[in-house]
Novice: 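Please read through the structure below; I'll follow up with questions.
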Amino acid sequence: MLPPSVDVVVIGGGQSALAVGYYLRRSGLSFVLLDEQSEPGGAWPQAWPSLRLFSPAQWSSLPGWLMPRGDDEYPTRDGAIAYLTEYERRYSLPVERPVRVSAVHRESDTTGLLRVETDSGSVRSRAVVSATGNWANPSIPDIPDRSLFAGDVLHSSQYRGPSDFIGRHVIVVGGGNSGAQIVAELSAITRVTWATLRPPTILPDEIDGRYLFEQATARYRAIQEGRTPDPPRSLEDIVAVASVREARDRGALETVRMFERFTRTGVVDADGVDQPADAVIFATGFRPALEHLKPLGVMDAGGRVEVRGTRSVAEPRLWLVGYGEWTGFASATLIGVGRSARATVQEIAETLAPQAETDR
Ligand code: FAD
């Protein structure tokens with residue numbers, strides 16, 4: 001049963017929403033988290049089972065409690081799910097699920113409240129934090145003649161493991177961590193071609209997600225202090241987790257330039273030559289899942305919301321957490337989102353301080 005009104009509605013139940021919840025609990029504001037999934041873990045249960053995180057456990061942690069270290073240095077997908085499940089329980093975070101938010105509206109009366117519409121009724125609130133992530137909105141580039149192709153086309157979010165592809169020629173598209181891990185795993189059992197827009201960067205073995213986060217922090221500090229930051233190493237650079245190292249060492253991580261178009265039996269490569277293929281997997285990322293914000297009229301042509309920090313410029317009762325660099329340095333990572341969440345709750349508390357829901 002949803003509360004009729006609270007100070008703050010957080011939309012989502014993944015790591016970003018939980019980090020916001022952690023700080024909201026300490027703020028004294030009333031709040032609820034609304035998550036469309038029926039189980040904890042945000043998007044992680046949708047990832048393929050063999051996925052490895054690119055940062056060690058301590059560097060894959062939300063505020064307050066370190067992720068317990070498993071047998072391997074890099075946590076598994078299931079390790080991340082177990083951690084988020086326990087985190088939610090440990091801090092008694094009020095997550096309502098499954099509850100899908102369809103829209104956020106401005107109340108037309110004089111209360112100055114927002115109304116969050118869901119498939120289980122509506123909740124009125126003085127502030128809304130959108131923390132719906134990107135996974136619900138997989139991005140596949142528009143490549144000519146895709147409809148001609150008789151083989152399978154899927155996004156990395158639909159990939160479940162190598163067993164579906166035995167004996168088939170698979171083209172994997174995308175030069176980030178997902179593409180590299182999928183190529184590493186598939187190439188051990190079948191023929192794989194790895195197609196990328198530009199040559200990917202595989203980081204040296206000693207550099208992992210921890211280093212990338214430290215670097216993002218150094219850049220953040222430099223900008224805050226008015227210094228010129230070092231050029232960034234992208235969070236897209238590939239961390240050499242064990243499967244990637246093994247594939248690199250057997251020479252399986254060679255790339256070709258992105259193909260031009262599909263044919264019925266495969267693709268036409270960058271040199272104009274027909275290449276047969278049985279399946280194409282796009283590890284080409286995600287776009288923010290922000291459909292529910294449409295009624296507020298805050299989205300730009302690129303499907304994002306203009307923010308200052310994490311606060312919407314056009315709707316000052318709306319904050320966005322966890323979507324990527326545009327909502328805070330490293331905010332789409334477990335370790336990075338804590339900083340955005342803390343600053344967000346601090347700003348909300350200052351904004352709502354004169355009249356907390358619980359005082360009225
Ligand atoms: P999500 O986890 O997507 O959670 C959002 C939640 O909101 C979901 O439960 C979703 O169902 C729900 N939701 C969406 N829309 C609605 C709605 N309208 N109403 C109600 N609920 C809604 N990060 C790291 O720190 N380390 C890593 O090693 C790492 N590896 C990654 C590997 C891959 C392949 C990918 C894709 C990402 C990886 N990340 C990693 C990045 C990061 O951890 C994820 O992007 C993370 O899931 C973002 O968390 P989130 O809470 O913002 O969003």
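Atoms within each ligand, like the ligands themselves, are counted from 1 in listed order. Treat the numbers as computed from the prediction; the structure is a model and nothing was measured.
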Novice: Would you call Y74 a ligand 1 contact, heavy-atom distance under 4.0 Å?
Specialist: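 For ligand 1, residue contact (heavy atoms, under 4.0 Å) with Y74 is absent.
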Novice: Checking a contact table here: which protein heavy atom is nearest atom 19 (N) of ligand 1, and how many Å away?
Specialist: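 For atom 19 (N) of ligand 1, the nearest protein heavy atom is V101 N, 2.9 Å.
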Novice: Less than 4.0 Å is my threshold; does some heavy atom of S60 fall inside it relative to ligand 1?
Specialist: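 Checking ligand 1 against S60, which is what was asked, there is no heavy-atom contact under 4.0 Å.
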Novice: Determine whether L33 and F31 make a side-chain contact, defined as any pair of heavy atoms from C-beta on separated by less than 4.5 Å.
Specialist: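 Yes. Closest side-chain heavy atoms under 4.5 Å.
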Novice: Would W48 count as a contact of ligand 1 if the rule is a heavy atom under 4.0 Å away?
Specialist: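 Contact check W48 vs ligand 1: positive.
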Novice: Would you tell me which option among A43, A17, G14 has the nearest heavy-atom contact to atom 2 (O) of ligand 1?
Specialist: A43
Novice: Where is the nearest protein heavy atom to atom 28 (O) of ligand 1: which residue, which atom, and how far?
Specialist: F54 N, 2.5 Å
Novice: Return the residue, atom name and 0.1 Å-rounded distance of the protein heavy atom closest to atom 16 (C) of ligand 1.
Specialist: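 Residue, atom and distance for the closest contact: T132 CG2, 3.6 Å.
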Novice: Assess G13 for proximity to ligand 1: is some non-hydrogen atom of it under 4.0 Å away?
Specialist: yes
Novice: With respect to Q46, determine whether any N or O atom, backbone or side chain, lies less than 3.5 Å from an N or O atom of ligand 1.
Specialist: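 N/O-N/O distance under 3.5 Å: no.
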Novice: Could you check which of R97, Q15, M67 puts a non-hydrogen atom nearest to atom 48 (C) of ligand 1?
Specialist: Q15
Novice: Which heavy atom of the protein is the closest neighbour of atom 53 (O) of ligand 1, given with residue, atom name and distance?
Specialist: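 Minimum-distance protein heavy atom for atom 53 (O) of ligand 1 reads G133 CA, 3.3 Å.
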Novice: Heavy atoms only: which of E36, E291, R52, Q37 lies closest to atom 13 (N) of ligand 1?
Specialist: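 The option holding the nearest heavy atom is E36.
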Novice: Is L334 close to ligand 1, meaning an N/O of one under 3.5 Å from an N/O of the other?
Specialist: yes
Novice: Give me the nearest non-hydrogen protein atom to atom 31 (C) of ligand 1 as residue plus atom name, then the distance to 0.1 Å.
Specialist: W44 CH2, 3.7 Å
Novice: If the cut-off is 4.0 Å to any non-hydrogen atom of G322, which atoms of ligand 1 fall inside it?
Specialist: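 Contacts of ligand 1 toward G322, numbered from 1: 52 (O).
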Novice: What residue and heavy atom of the protein are closest to atom 9 (O) of ligand 1, and at what distance?
Specialist: D35 OD1, 2.7 Å
Novice: Out of curiosity, is L51 lining ligand 1, as in a heavy atom under 4.0 Å away?
Specialist: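 Yes.
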Novice: I'd like to know if E36 pairs up with R97 as an ion pair, taking the criterion as any Lys NZ or Arg NE/NH1/NH2 lying under 4.0 Å from an Asp or Glu carboxylate oxygen.
Specialist: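 Looking at E36 and R97, the cut-off is not met.
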Novice: Within the structure, is a non-hydrogen atom of A289 found at a distance of less than 4.0 Å from ligand 1?
Specialist: no
Novice: Do the side chains of E315 and R106 get nearer than 4.5 Å, heavy atoms only?
Specialist: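 Side-chain contact under 4.5 Å: yes.
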Novice: Do S55 and S60 pair up side chain to side chain, a donor and an acceptor below 3.5 Å, judged on atom types alone?
Specialist: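 There is such a pair between these side chains.
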Novice: Can you tell me if R160 has over 12 outside heavy atoms packed within less than 6.0 Å of its CZ?
Specialist: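 Enclosed: over 12 neighbouring heavy atoms sit under 6.0 Å from CZ of R160.
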